Amino acid sequence: MKAATWNVNSLRVRLPHVTQWLRTAQANILCLQETKLVDDDFPASVIEDAGYHVAFSGQKTYNGVATLSTSPPRDIVTALPGLDDPQRRVLAATIDGVRVINVYIPNGQEVGSEKYQYKLMWLESLLAYLQLELKSHTQLMLLGDFNIAPADEDVHDPEQWRDKVLCSEPERAMFQQMIGLGLGDVYRKFDQEPDTFSWWDYRAAGFRRNLGLRIDHILCSQESYAACVECVIDKAPRKWERPSDHTPVVAEFVKP
DNA sequence: ATGGTGGCGCGGCCA
């Protein structure tokens, strides 16, 4: 079983990339972020024709998440409990007995800004939700664009990024709190090539110069973490014509 | 060089 996450930065633009990628990746679950589509405009039939079920929660212009799966999604949740938030950033579903939580964590814009405060508040709310979900699901995966590079090894130039948004200590502390709940970062379960990232800025030829960050993650509950046998970042779609600024992160699991 | 590109949607916001 393969599960993946990909911030597509507009599904309208990137739908051909998604269907192309699905043809060879053989993913059973694909979590998308930044679909930037209202639900009425969601291309469900194209995805269903590709052999996938799909659940989605979108809004105009910004944000929006969707979860594609070869098995049907059950018990869908599209909001963090207790958080009155019009921004569509979370989509939880149970797929083949696994609780799959797809998140587009706020970017935060700049340390100390209003959007940064919103990010930390949003993360507090996510932590409470995860704590709750872990009580009822031994198989749980949290996949998405976290907008957090957890450690210096996830940053092309740690000194340049020191205390900047995506790398600041309060953000990293929130990531560690997720680890503290019993979740494991499956990418770091395995030996990895240094300087492998999941996002590169469109500006300043970021991808060509590998000026990236690893901000897209797959965190798993103990049971799912133990079942993970591989995790890779697939850089191929970032090289395609008119790419997203993110590329897919993929994890493979054996049956528990 | 202290910027740059890209998406949305048509001016400016967001990343």
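Sequence lines set the chain letters: A, B, ... in the order given, protein chains first and strands last, and positions in each chain run from 1. Quantities reported herein were computed from a predicted structural model and do not represent experimental measurements.
Computed from coordinates, the Q109(A) CD to dA15(B) P distance equals 6 Å when rounded to whole Å. Put simply, CD on Q160(A) is 16 Å from P on dT2(B), counting in whole angstrom units. Straight-line distance from the CZ atom of R209(A) to the C1' atom of dG3(B): 12 Å, rounded to whole Å. L37(A) has its CG atom 10 Å from the P atom of dG9(B), to the nearest Å. Following rounding to the nearest Å, K36(A) (NZ) and dC8(B) (P) show an atom-to-atom distance of 6 Å. Rounded to whole Å, atom P of dA15(B) lies 11 Å from atom NE2 of H246(A). Rounded to an integer number of Å, the gap from E34(A) CD to dG7(B) P is 11 Å. Look at CD on Q59(A): it is 17 Å from P on dC13(B), rounded to the nearest Å.
Heavy-atom minimum distance, V165(A) versus G108(A): CG2-C, 3.8 Å.
The aromatic rings of H156(A) and F197(A) lie perpendicular to each other, with more than 60° between the two planes, well past the 30° mark. A tilted orientation is assigned to the rings of W199(A) and H246(A), their planes being inclined by 30° to 60°.
Each of dC14(B), dT5(B), dG9(B) was ranked by its minimum atom distance to the side chain of R203(A); first place goes to dT5(B). Across dG7(B), dG6(B), dC14(B), the shortest atom-to-atom separation from the side chain of V13(A) is found for dG7(B). In the set dG7(B), dG4(B), dC8(B), the nucleotide with an atom closest to the side chain of T61(A) is dC8(B). For Y202(A), counting side-chain heavy atoms from C-beta on, the closest listed nucleotide (dC8(B), dA15(B), dT5(B)) is dT5(B).
At least one side-chain nitrogen or oxygen of K115(A) sits closer than 4.0 Å to the OP1 or OP2 atom of dC14(B). R242(A) has a side-chain polar atom (N or O) that falls below the 4.0 Å cut-off from OP1 or OP2 of dG7(B).
Where W199(A) and P243(A) each meet DNA chain B at their nearest nucleotide, the meeting point lying more 5' is that of P243(A).
Across dG3(B) and dG7(B), the matching P atoms stand 23 Å from one another, rounded to whole Å. Comparing dA1(B) with dG6(B), their P atoms are spaced 24 Å from each other, to the whole Å. Here the separation of dA15(B) from dG4(B), taken at their C1' atoms, is 14 Å to the nearest Å. Comparing dT2(B) with dC8(B), their C1' atoms sit 27 Å apart, to the nearest whole Å.
Across all strands shown, Y104(A) has heavy atoms under 4.0 Å from sugar-phosphate atoms exclusively, and none from any base. Across all strands, R14(A) comes closer than 4.0 Å only to sugar-phosphate atoms, never to a base (heavy-atom distances).
E114(A) CD: 12 or fewer foreign heavy atoms inside a 6.0 Å radius. Around the CD atom of E48(A), the shell of radius 6.0 Å holds more than 12 heavy atoms that belong to other residues, nucleotides or ligands.
Linking ILVMFWY residues whenever their side-chain heavy atoms come closer than 4.5 Å, directly or via other members, places L30(A) and L11(A) in the same cluster.
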